[in-house]
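Numbering of ligands and ligand atoms starts at 1, following listing order.
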Amino acid sequence: MNDRFLKACRREPVDCTPVWFMRQAGRYMAEYRSLRAKHSMLSLCKTPELAAQVTLQPIERFPLDAAIIFADILLPLEAMGLHLEFAEGEGPVIHNPVRSRADVDGLKAIDGTELEYVAEAVRQARKALNGRVPLIGFAGAPFTLASYAIEGGGSRNYVLTKSLMYREPDVWHQLMDMLARVVTGYLRRQIRAGAQAIQLFDSWVGCLSAGDYAEYVKPHVQLIFAGLEREGVPLIHFGTGTTAILRQMREAGGDVIGVDWRSHLDEAWAVIGHDRAVQGNLDPVALYAPLHEIERRVEDILRRAGGRNGHVFNLGHGILPTTPVEHVEAAINIIHKLSMR
Ligand code: CP3
């Protein structure tokens, strides 16, 4: 098996830097678009055969070093009783958002059996991968999930989310605690179904001040990592806009800390501490640049990683739907070539 991804997560020596891309299965690939033309996003997620097939699409096409199970961070919210829709062109919408104590009390405290279809997709994807590369499982972190549950979709300023946090902190903590427990159980099930590493996506947590992160988020994230430690697989902790809270994210947990493209990788790593691995951090929009410019940027990131054990190459955030597919392939080859030990 190609295990350089797992080795880098554990800060062991590798033959070259492993690479995978967040959202590597998706609309920039014609193979995905043609399957998606026949099925809704939710039915792709809920049909394990299809989810496993989509998981493998980028692996069949590119020399990536890890696969990530095809699902979405919002699936647990649906299982908890929120009406989720992936609306054409406007992203996810929740039709009955959480705005009050009564709404939080009304959420179903699921134990994970409701998401058995994801565990089954993990089993099928593992089988289809047949040891070629490791399979990553994932979930959204409580803050990012709460922001969708409260706002009812994506947001610019998180006014409703922060208002609930500041106005009714006990309701906020009740919601976050519930989400943390659901996420822990859900990730444990993915690991037991065969996920060989886990990524926790706190994509939007960078909208918070360092003080608010410490008070309203960190203890809940800590609970998740503490609950998964004994499972024995590498845990990746990712967020964007997190330059001011990287140290706190490390303290909250994770063997590997995700770094977005805004920071220099060496500066971020020094803050995180060299006793943790890091993942990142090419700007997703850099994949639209000419290949010589992609090469220059990859070279800079690798130079900043300094040949140290414990670097997983990735984008600073998910790959965008209009990314030129040949540039994805070229970037992966450049990363492998320039990092060859
Ligand atoms: O990485 C992978 O290949 C695995 C699949 C994956 C998806 N969503 C599939 C998806 C993963 C890891 C996610 C995570 C996710 N989902 C996050 C965290 C990562 C990040 O990018 O910050 C978030 C915030 C979501 C919520 C979500 N789902 C949004 C905001 C959107 C719409 C945005 C868009 O690109 O349209 C989705 C829909 C979604 N999730 C799609 C895919 C492939 C597009 C659905 C389609 O085909 O129409």
Can you tell me which residue and heavy atom of the protein come closest to [atom], and the distance to 0.1 Å?
{"atom": "atom 31 (C) of ligand 1", "result": "P92 CD, 3.5 Å"}
{"atom": "atom 3 (O) of ligand 1", "result": "A25 N, 3.0 Å"}
{"atom": "atom 18 (C) of ligand 1", "result": "S203 OG, 3.2 Å"}
{"atom": "atom 48 (O) of ligand 1", "result": "R36 NH2, 3.0 Å"}
{"atom": "atom 23 (C) of ligand 1", "result": "I73 CD1, 3.4 Å"}
{"atom": "atom 24 (C) of ligand 1", "result": "Y148 OH, 3.3 Å"}
{"atom": "atom 37 (C) of ligand 1", "result": "D72 OD1, 3.6 Å"}
{"atom": "atom 34 (C) of ligand 1", "result": "R27 NH2, 2.8 Å"}

Item to check | Residues S40 and S43: side-chain donor-acceptor under 3.5 angstrom | outcome: yes
Checklist entry - Donor-acceptor pair, Y288 side chain versus T323 backbone, under 3.5 Å? => result yes
Salt bridge [X]-[Y], side-chain N to carboxylate O under 4.0 Å:
{"X": "E151", "Y": "K162", "answer": "no"}
{"X": "R250", "Y": "D275", "answer": "yes"}
{"X": "R296", "Y": "E293", "answer": "yes"}
{"X": "R189", "Y": "E116", "answer": "yes"}
{"X": "D255", "Y": "R276", "answer": "no"}

Under 4.0 angstrom from ligand 1, any heavy atom of [X]?
{"X": "Y32", "answer": "yes"}
{"X": "T144", "answer": "no"}
{"X": "G154", "answer": "no"}
{"X": "W204", "answer": "yes"}
{"X": "A71", "answer": "yes"}

Next on the checklist: Could you walk me through whether D170 and R101 satisfy the salt bridge (Lys or Arg N to Asp or Glu O under 4.0 Å) test, starting with their C-alpha distance in whole Å, then the side-chain angles of each, then the deciding distance to 0.1 Å, before giving a yes or no?
Outcome noted: CA-CA 9 Å; D170 54 328; R101 181 186 302 276; 2.7 Å; yes
Item to check | Residue pairs, two or more places apart or on separate chains, that pass ring pair (Phe, Tyr, Trp, His ring centres under 6.0 Å) and touch residues 319-338 | outcome: none
Item to check | Pairing residues for W269 by the side chain to side chain donor-acceptor pair (under 3.5 Å) criterion, not counting sequence neighbours | outcome: none
Checklist outcome for this item: Numbered in order shown, the ligand 1 atoms found under 4.0 Å of a heavy atom of F86 are 28 (N), 37 (C), 38 (C)
Checklist outcome for this item: So the atoms of ligand 1 within less than 4.0 Å of a heavy atom of H317 turn out to be 20 (C), 21 (O), 22 (O)
Checklist entry - For ligand 1, does R23 get within less than 4.0 Å through its side chain, its backbone, both, or neither, judged by non-hydrogen atoms? => result both
Checklist outcome for this item: Contact region, I69 to ligand 1, non-hydrogen atoms below 4.0 Å, reads backbone
Checklist entry - Yes or no on salt bridge (Lys or Arg N to Asp or Glu O under 4.0 Å) for E267 and R304, after CA distance, side-chain angles and deciding distance? => result CA-CA 8 Å; E267 292 174 10; R304 291 177 188 280; 5.1 Å; no
